[in-house]
Amino acid sequence: MSAEVMMVTTTSPLEERVTNIEKWFQELHEEYRALSFIAARAHSTSESAGELYGQIMFDLKSIKVQQAQHTVMLTEHKHKLIDLKETQDEHTRRLDGLKETQDEHTRRLDGLKETQDEHTRRLDGLKETQDEHTRRLDEHTEILNELRANQDEHTRRLDEHSAVLKDHTTMLQEILGLVRNLN
């Protein structure tokens with residue numbers, strides 16, 4: 001017990017401070033490693049978000065191109081339907097005056113009606129496709145907004161960690177200067 005008491009009494013205040021500073025340096029080093037890990041994760045997440053953003057933007061452009069193509073097709077089919085209706089009216093007028101060709105014109109009208117029905121089915125299919133593309137565009141916009149929010153949060157947290165790390169580095173340098181001056 002007396003050897004321990006002598007050991008305690010022989011330790012100088014400077015040695016105790018140096019020991020405390022070494023402990024503090026160890027804690028700062030561990031904090032630095034943890035902050036470095038967090039910064040690396042934030043950077044990785046930011047890169048992943050950037051890649052996903054690029055893919056979403058590519059998908060959105062593709063959807064817009066498809067929508068434009070579908071709009072052109074809808075307009076063409078609309079004009080074809082108008083043309084078919086005009087032809088049907090013309091045939092009806094001819095049938096009134098031409099009893100001999102009535103059967104032939106009836107078959108033609110049936111064919112035009114099938115074409116009209118097919119165009120109507122296609123228009124319905126195009127409308128469903130357009131609705132699906134609009135839904136997917138809305139989903140991608142929501143995902144993009146979430147990714148932007150996540151990226152902003154990670155950037156903010158990274159800036160906070162960088163500021164803390166800079167403050168700790170400054171304090172560490174000041175302490176080292178004090179220790180050197182004491183020696």
Side-chain angles (χ1 to χ4, degrees), residues 30-169:
E30 290 172 13
E31 276 186 43
Y32 171 76
R33 289 181 61 208
L35 289 173
S36 295
F37 174 76
I38 290 170
R41 290 292 300 257
H43 180 73
S44 174
T45 302
S46 175
E47 285 181 351
S48 297
E51 290 172 10
L52 185 55
Y53 172 79
Q55 183 62 42
I56 288 171
M57 291 308 295
F58 176 79
D59 288 346
L60 291 176
K61 287 178 184 176
S62 297
I63 289 170
K64 286 181 181 180
V65 168
Q66 288 177 357
Q67 275 187 312
Q69 291 170 346
H70 288 246
T71 301
V72 168
M73 290 174 67
L74 286 171
T75 303
E76 290 173 0
H77 287 297
K78 180 181 174 184
H79 289 124
K80 286 180 183 180
L81 287 172
I82 291 170
D83 291 343
L84 289 171
K85 179 64 177 144
E86 291 172 1
T87 303
Q88 187 177 14
D89 292 343
E90 177 64 26
H91 287 179
T92 302
R93 284 190 297 275
R94 286 183 185 178
L95 285 173
D96 289 341
L98 302 170
K99 184 66 177 146
E100 292 178 1
T101 58
Q102 185 176 9
D103 293 338
E104 177 62 25
H105 285 185
T106 300
R107 284 191 294 276
R108 287 183 186 178
L109 284 173
D110 290 342
L112 290 173
K113 181 66 173 113
E114 288 175 14
T115 303
Q116 185 178 16
D117 292 343
E118 178 61 29
H119 287 172
T120 301
R121 281 192 296 275
R122 286 183 186 174
L123 282 173
D124 291 343
L126 290 172
K127 178 67 173 110
E128 289 174 12
T129 301
Q130 186 176 18
D131 291 344
E132 176 62 21
H133 287 171
T134 300
R135 185 190 63 74
R136 287 175 58 199
L137 182 61
D138 291 343
E139 288 175 0
H140 286 160
T141 300
E142 288 176 19
I143 290 170
L144 182 59
N145 289 340
E146 288 176 14
L147 288 173
R148 283 185 182 145
N150 285 343
Q151 186 176 16
D152 292 344
E153 179 61 20
H154 285 297
T155 300
R156 183 191 65 75
R157 288 170 65 193
L158 183 59
D159 291 344
E160 289 175 1
H161 290 306
S162 294
V164 169
L165 183 60
K166 184 177 179 182
D167 289 343
H168 286 186
T169 302

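Starting from 1, each residue takes its place in the sequence as its number.
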Within the 4.5 Å heavy-atom criterion, are [X] and [Y] side-chain neighbours or not?
| X | Y | result |
| --- | --- | --- |
| Lys78 | Leu74 | no |
| Leu144 | His140 | no |
| Thr71 | Leu126 | no |
| Leu109 | Thr87 | no |
| Val65 | Lys61 | no |

Which atoms form the tightest heavy-atom contact between Glu114 and Arg121, and what is the distance?
-> O-NH2, 4.5 Å
Can you name the nearest heavy-atom pair linking Tyr32 to Leu165, along with the distance?
->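 Looking at all heavy atoms of both residues, the closest pair is CD1-CD1, 3.1 Å.
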Arg148/Asp152 under salt bridge (Lys or Arg N to Asp or Glu O under 4.0 Å): CA gap, chis, key distance, verdict = CA-CA 6 Å; Arg148 283 185 182 145; Asp152 292 344; over 6 Å; no
Rounded distance [0.5 Å steps], [atom1] in [X] versus [atom2] in [Y]:
| X | Y | atom1 | atom2 | answer |
| --- | --- | --- | --- | --- |
| Ile143 | Tyr53 | CD1 | OH | 14.0 Å |
| Glu86 | Asp89 | CD | CG | 8.0 Å |
| His43 | Ser48 | NE2 | OG | 9.5 Å |

So, His70 and Gln66: side-chain donor and acceptor under 3.5 Å apart, yes or no?
-> no
Any residue meeting side-chain contact (heavy atoms from CB on, under 4.5 Å) with Asn150, in chain and number order, not counting sequence neighbours =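 Counting only residues at least two positions away or on another chain, Asn150 forms a side-chain contact (heavy atoms from CB on, under 4.5 Å) with His154.
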Report, as yes or no, whether the 6.0 Å neighbourhood of atom CZ on Arg41 holds more than 12 heavy atoms from other residues, nucleotides or ligands.
->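 Atom CZ in Arg41 is not packed in, count stays at 12 or less.
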So with a 6.0 Å cut-off around CE of Met57, is the heavy-atom count from everything else above 12?
->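 Counting other residues, nucleotides and ligands, CE of Met57 exceeds 12 neighbours.
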Arg122 and Glu118 ion-paired at < 4.0 Å =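 Yes.
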Show the numbers, then the answer: is there a salt bridge (Lys or Arg N to Asp or Glu O under 4.0 Å) between Glu160 and Arg157?
-> CA-CA 5 Å; Glu160 289 175 1; Arg157 288 170 65 193; over 6 Å; no
Stepwise side chain to side chain contact (heavy atoms under 4.5 Å, CB included) test for Leu84 and Lys113 | CA-CA 8 Å; Leu84 289 171; Lys113 181 66 173 113; over 6 Å; no
CA sep, side-chain torsions, deciding dist, call: Ile56, Leu147, side chain to side chain contact (heavy atoms under 4.5 Å, CB included) = CA-CA 11 Å; Ile56 288 171; Leu147 288 173; 4.1 Å; yes
Mark yes or no for whether Thr134, through its side chain, and Gln130, through its backbone, hold a donor-acceptor pair below 3.5 Å.
->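 Here the side-chain-to-backbone pair exists.
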